[in-house]
Amino acid sequence: MTFQIPEKKVCKLKRLLNSAIQNKSSSYRELARIAGSIISVALAVGPISRLLTRQMYLAIESRSAWDHLFLFPPALLEELKFWFCNIESFNGYSIRPPPDSSTVVFSDASDAAFGGFSASLDGTVASGMFTTDDLGQSSTFRELKAIYYVLLSFVEHLKHKRAQVRGRSISLTRPFFTVAQNSECWLCANCLIFTIFSFLSDVLSSGIWLEAASLSDSSLSDMVPGLINLQLDAKAPSTVLKYKSGWLRWREWALSKIGVPVIPAKPLHIALFISELAKRSSENNIGVSSIESAVYAIKWGHAMAGFEACPVSHPLVKFALEGAKRRLARPVQPKEPLSVSTVQAIATHFASSASLSDLRFLFILLVGFAGFFRIDEIRNIALRDVSIHSDHMSVYLPQRKTISIGKATLLFSLEPARLLVL
């Protein structure tokens with residue numbers, strides 16, 4: 001079962017993209033319209049909708065006024081071209097868990113060269129030398145770059161397949177990409193590097209991971225990739241994605257300055273980073289949430305690296321963040337909740353329909369409304385999780401965001417306005 005973007009909406013999005021690409025410029029408002037259109041079809045194209053809109057949002061955050069025109073930098077123009085050329089290829093994302101990978105790729109890296117092979121591809125081998133820019137980088141950097149180069153070498157072999165990558169010190173054991181029809185493998189490889197390279201190359205080359213990289217017992221070294229996966233699984237995927245975005249903002253700022261280490265960061269540098277973000281947010285009339293997410297990302301990155309003394313806990317950083325909150329405070333304007341009468345009217349309208357899609361929509365609407373479900377929780381509900389009895393219905397949830405550890409079962413009584421959470 002998959003979500004699809006209607007053809008009419010695809011054509012509309014491509015018209016917006018084509019106009020922006022031809023002009024190589026637009027207003028910030030028009031760019032926000034394009035980015036919002038892509039995010040709105042996330043259920044139909046998958047996580048790539050968030051991965052490849054980063055340049056758009058970086059540009060939007062730098063706006064001085066919504067209707068000002070600006071020229072697209074090369075990275076943003078490439079992102080727009082990607083969506084124009086590939087929106088049809090990624091249209092149709094399954095709401096079921098992905099199947100197991102059909103291909104396993106092994107890679108490794110030395111100080112000067114890389115290599116890789118796949119037994120499931122008849123032992124196809126890839127090898128090469130690192131570029132001048134790659135030489136002298138950390139071992140984690142070279143391991144990740146080796147994955148990138150090996151995947152590029154297997155472009156033709158990996159079309160239409162799901163793949164896992166296993167390296168000496170880094171393993172991506174979950175199927176992490178599928179090459180859709182009419183798309184090129186390098187796009188998916190770039191998505192891999194985009195999501196893990198900047199963050200993991202920082203975190204895994206510092207702190208406790210330096211100790212892990214020097215383990216002399218091979219049996220212990222083999223356990224390190226599993227430990228990395230456990231660390232990433234400690235937070236919900238949506239939270240991890242938000243932290244990665246915040247970390248990339250901090251990383252970009254730190255690398256643009258002289259003598260500012262990305263990790264371990266210094267409290268003074270983080271406080272100055274907050275000060276600059278606060279000034280920018282004030283000028284653009286933006287709230288404090290973007291600053292908070294960046295600070296939390298820095299804290300998470302240092303925790304992932306195993307630093308017990310986190311620089312974010314320093315009083316200088318805490319006071320800087322509190323000052324930003326006060327300066328950028330604004331009245332809370334909550335959205336109007338959906339009324340019961342509106343839900344009843346929608347249910348009445350679709351009640352007589354025999355369409356499976358309408359019935360699925362009604363389930364999402366009624367059960368989601370009664371149980372206060374988030375969309376991710378509804379998407380993860382399987383048939384086996386729903387039990388219907390004579391006087392109630394129960395929905396089993398493996399985990400809820402509001403319940404940090406554990407499971408929840410929601411009982412819906414057939415009598416009105418009764419809901420029990422166990």
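Among residues two or more places apart in sequence or in another chain, the salt bridge (Lys or Arg N to Asp or Glu O under 4.0 Å) test is passed with D217 by none. When the side chain to side chain contact (heavy atoms under 4.5 Å, CB included) test is applied to M129, the partners found at least two apart in sequence or on another chain are A112, A113. Checked against ring-ring contact (aromatic ring centres under 6.0 Å, His included), W253 has the following partners two or more places apart in sequence or in another chain: W250, F273. For S339, the side chain to side chain contact (heavy atoms under 4.5 Å, CB included) partners two or more places apart in sequence, or in a different chain, are S341, T342. H269 meets the ring-ring contact (aromatic ring centres under 6.0 Å, His included) test with no other residue; sequence neighbours excluded. Residues passing the salt bridge (Lys or Arg N to Asp or Glu O under 4.0 Å) test with R63: none are found, sequence neighbours excluded. Under the rule for a salt bridge (Lys or Arg N to Asp or Glu O under 4.0 Å), the partners of R280 that lie at least two apart in sequence or sit in another chain are E276. For E252, the side chain to side chain contact (heavy atoms under 4.5 Å, CB included) partners two or more places apart in sequence, or in a different chain, are R54, L58.
Counting only heavy atoms from C-beta outward, the side chains of I38 and L52 never approach each other to under 4.5 Å. Using a 4.5 Å heavy-atom cutoff, the side chains of W300 and W247 are not in contact. A heavy-atom distance below 4.5 Å is not found between the side chains of L77 and P74. Put simply, the side chain of Q55 does not reach to within 4.5 Å of the side chain of L80, judged on heavy atoms. By the 4.5 Å heavy-atom criterion applied to side chains, S293 and R249 are counted as neighbours. With contacts defined as side-chain heavy-atom distances shorter than 4.5 Å, the pair I346/F369 does not qualify. In this structure, V288 and S281 have side chains that are not in contact, with every pair of non-hydrogen atoms separated by 4.5 Å or more. No side-chain heavy atom of I87 sits under 4.5 Å from any side-chain heavy atom of F82.
The 12-atom threshold is exceeded at NZ of K325, counting heavy atoms of other residues, nucleotides or ligands nearer than 6.0 Å. Residue R29 places its CZ atom among more than 12 non-hydrogen atoms of other residues, nucleotides or ligands, all under 6.0 Å distant. Around the NZ atom of K14, the shell of radius 6.0 Å holds more than 12 heavy atoms that belong to other residues, nucleotides or ligands.
Interatomic distance, K81 NZ to F72 CZ, rounded to the nearest 0.5 Å: 11.5 Å. The distance from atom CH2 of W83 to atom OG1 of T53, rounded to the nearest 0.5 Å, is 7.5 Å. With values rounded to the nearest 0.5 angstrom, E78 atom CD is found 9.0 Å from C85 atom SG. Rounding to the nearest 0.5 angstrom, the gap separating the CD1 atom in I298 from the CD1 atom in I270 is 4.5 Å. The distance from atom CE of M223 to atom CG of L230, rounded to the nearest 0.5 Å, is 12.0 Å. Between the CG atom of L16 and the CZ atom of F84 there is a distance of 11.0 Å, given to the nearest 0.5 Å.
The aromatic rings of F106 and F117 sit parallel, their planes meeting at an angle under 30°, below the 60° perpendicular limit.
Across A347 and L362, no two heavy atoms sit closer than the pair CA-CD2, 3.7 Å. In plain terms, the two heavy atoms of P267 and V317 that are nearest each other are O-CG2, 3.4 Å. A pairwise comparison of heavy atoms in L277 and A294 identifies CD1-CB, 4.2 Å as the closest pair. Pairing each heavy atom of I39 with each of S49, the nearest pair is CD1-O, 3.5 Å. A146 and F130 make their closest contact through N-CE2, 4.2 Å (heavy atoms, listed as atom of the first residue, atom of the second, distance).
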Practice task
Tell me, with the steps shown, if K12 and K8 meet side chain to side chain contact (heavy atoms under 4.5 Å, CB included).
Solution key: CA-CA 6 Å; K12 181 179 179 181; K8 183 178 179 180; 5.9 Å; no
Problem - Derivation and outcome, side chain to side chain contact (heavy atoms under 4.5 Å, CB included), residues L76 and L31 - result: CA-CA 10 Å; L76 173 55; L31 182 62; 4.0 Å; yes
Problem - Audit row: F363, V386, side chain to side chain contact (heavy atoms under 4.5 Å, CB included) steps and yes/no - result: CA-CA 11 Å; F363 176 86; V386 180; 4.2 Å; yes
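Sorted pairs that involve residues 37-65 and meet ring pair (Phe, Tyr, Trp, His ring centres under 6.0 Å), not counting sequence neighbours, are lacking altogether. Within the structure, ring pair (Phe, Tyr, Trp, His ring centres under 6.0 Å) contacts touching residues 5-34 (residues at least two apart or in different chains) are Y28-F70.
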For residues 308-316, tabulate all N or O donor-acceptor pairs below 3.5 Å that involve a side-chain atom, not counting sequence neighbours.
residue	atom	partner	partner atom	Å
H314	ND1	L316	N	3.0

Sequence neighbours left out, cut at 3.5 Å: what donor-acceptor pairs do the side chains of residues 17-27 make with other protein atoms?
residue	atom	partner	partner atom	Å
N23	ND2	S19	O	3.1
S25	OG	N23	O	3.4
S27	OG	E30	N	3.1

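Of the possible donor and acceptor atoms, none in the side chain of D385 sits under 3.5 Å from a partner among the backbone N and O of V395. Not a single donor-acceptor pair under 3.5 Å links the side chain of S282 to the backbone N or O of A278. Formation of a donor-acceptor pair under 3.5 Å by the E79 side chain with backbone atoms of M56 is found in this model.
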